[in-house]
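Below is one structure, written out as C-alpha cells; the observations come after it.
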Protein chains: 2
Amino acid sequence: MPKTKQFNKDKVLEVASDIFRQRGYNGTSIDEILKATGLSRSSLYDSFNDKHTLYIQSLEHYKNLEMHRYEITDDKKLNGLQKIEFLFKEVVNLLSTHPEDNGCLMVNAAAEMSKKCDKTYAVVCNNKESAEELFTNWLADAQNDKVIPADKSPKTYSPFLFNTLCGLKVMSQSGASKAELNSVVKVTLDALV
Amino acid sequence: MPKTKQFNKDKVLEVASDIFRQRGYNGTSIDEILKATGLSRSSLYDSFNDKHTLYIQSLEHYKNLEMHRYEITDDKKLNGLQKIEFLFKEVVNLLSTHPEDNGCLMVNAAAEMSKKCDKTYAVVCNNKESAEELFTNWLADAQNDKVIPADKSPKTYSPFLFNTLCGLKVMSQSGASKAELNSVVKVTLDALV
DNA sequence: AAAATTTCAGAATACTCATTCCAATTCAGA
DNA sequence: TCTGAATTGGAATGAGTATTCTGAAATTTT
C-alpha cells in the first residue's frame, strides 16, 4: 500500500558526501544538498533524521567507497610492493587530475570534526585502521615474495605508508605539483626496499 | 590627542588563530572571538574589517609563529640531520601532549579553505615553501657534514619531509598513538641516511 | 582642565540556517 | 478504481549569523 521510495539512499549519500567533501560540514547547508540531490526537504529529514546524521552516514559511505577502490588493487596480478606502488600512483593521478577539486573527505573530516564529534572520530580512526591493515597485508606479501627485506616489519611500515598518503592529500591542497607528489611517492617506496 | 589602543593586535591574532584552529573558519562565530579576546565588537571591526580579513591575518600570524618555532632549532649546536630529528620530535611531542587539542591551523586551512579562497591558498602555499626551504638548508648542511649521502638531493627530499610533517598532523587527529607517530618519524629519518 | 579623537557597549539590521509542520500528491494493493 | 499510508512541496518557525550604527566613555596632548 505505501508509496515506494523515489530515491536511492546510496545515491543520495554519494552526492551528499561529495558536497561535504568540497564544502565541509559547517560550510554545507541543507539547501545545497537538497538542490544537488533533488530530494525534498521532508524526504531528507525523513530518511536521515538531521544534518549531522547525514554527515556521519556520508562519511561512512565515502570510507567504504574509498576502501573498495583500494581493495580492487588486490585483483591485479601484482606483488605486494607493486600493489602499493599502484595505489599511490592512482592517488597521485586522482589528486592532480582535478587540481581545483581534489580534497579528501576523510582528511577534511579529521581536520574539521574529529576533535568535536566522537562519531566522526570513530569513522576517521576506523578508516586509518582499514587502510593500514591493507598496507600491512601487502607488505607481508612483498616480504614473502622477497621484494622487500624481511627486517622491515609490516606493522611499523604500514603507518608510515598511511602517513605518506595523508600527507599527499594535504600537499595537493598546498600547491604541490604532480611531479612533486610523484617524487614524494618515489622516496616513500625507496624507503621500503 | 587620540585615545591609545587598549589591546595588542598580535595578542588578538594569537587568540583568534587559536579559536580558528580549534573550530575552523565556518565553525567560528565573531561572538566567540569577542568573548575570548575581550574585544568590543566595534573595536574588532574597526581593526580587522571583517571576519574573513581577521582569518587571513590569523593564518599569517600562525604561520610566522610556527616558522619561528622551527627556525629556533637553527640556534642549537646540531648538524643538519639532528636539526631535522629535533624538529620532528618536538612536533610529535606537541601533537601527543594535548591529544584533545592538537590540531594545526595550517592543515585545517588547507582542508577547509584552500580551494575556496585564494588568499588562504596563498598563505598555505607560502607556508609549504618556507618549511621546505628550511628542510632544504638542513639537508644541505647534513650533506656537508657527511651525515647523509651526497646523492640524496635536498630538493627532492625536502618535499618528502614536509609531506611526512603534514601526515603526522592528520594522523594525530585520526587516533594515532605517540609511539606510532614516533615510529613514522623513525622510518622517515632512516630514509635519509 | 578642556579638546580632540578614538574606543567601546550594545541595540538594530538583514540575512541564513536547521528543523518542523501541514496539506496535497502519489501509488501499491484490494 | 478506490483506498490508505507514505511521500512530497513549500510555507513557517525560531535560533544564530555577520555586520552596521549611534551615542556615550575614555584618555592623551595641549
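So that the names make sense, note that chain A is the first sequence line, chain B the second, and so on, each numbered from 1. Keep in mind that what you see is a predicted model, and the values were worked out from it rather than measured. The figures that follow rest on heavy atoms only: side chains count, while hydrogens, waters and symmetry mates do not.
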>> Is it true that B:K115 and A:N102 share a donor-acceptor pair across their side chains at a distance under 3.5 Å?
In response: yes
> Rounded to whole angstroms, how far apart are CG on B:D46 and P on D:dT22?
Replying inline: 15 Å
> B:D18 and B:Q22: side-chain donor and acceptor closer than 3.5 Å?
Replying inline: yes
> Quick check: are there more than 12 heavy atoms from other residues, nucleotides or ligands sitting under 6.0 Å from CG of B:D118?
Replying inline: no
>> Applying side-chain hydrogen bond (donor to acceptor under 3.5 Å, both in side chains), can you list everything that pairs with B:N64, at least two apart in sequence or on another chain?
In response: none
> Does C:dT7 have OP1 or OP2 sitting under 4.0 Å from an N or O in the side chain of B:S42?
Replying inline: no
>> Tell me whether B:K186 is salt-bridged to B:D190, with the criterion being a basic N under 4.0 Å from an acidic carboxylate O.
In response: yes
> Given atom CG of B:N26 and atom C1' of C:dA18, what is their separation to the nearest angstrom?
Replying inline: 15 Å
>> For nucleotides 11-17 of chain D, give me one character per nucleotide, 5' to 3': B if any protein heavy atom sits under 4.0 Å from the base, S if the only such contacts are to the sugar-phosphate, - if neither.
In response: B-----S
> Going through the distances and angles, do B:Q173 and B:V107 end up as a side-chain contact (heavy atoms from CB on, under 4.5 Å)?
Replying inline: CA-CA 11 Å; B:Q173 311 251 19; B:V107 168; over 6 Å; no
> To the nearest 10 degrees, how far apart in direction are the end axes of the helix from C:dA1-D:dT30 to C:dA30-D:dT1, each fit to five base pairs?
Replying inline: 10°
>> Quick check for you: among C:dC8, D:dT7, C:dT20, whose closest atom lies nearest to any side-chain atom of A:Y45?
In response: C:dT20
>> Quick check: any donor-acceptor pair below 3.5 Å linking the side-chain of B:S40 to the base of C:dG10?
In response: no
> Taking A:K152 for the side chain and A:V193 for the main chain, is one N or O donor matched with an acceptor at less than 3.5 Å?
Replying inline: yes
> Less than 4.5 Å apart, any side-chain heavy atom of B:L165 and any of B:L87?
Replying inline: yes
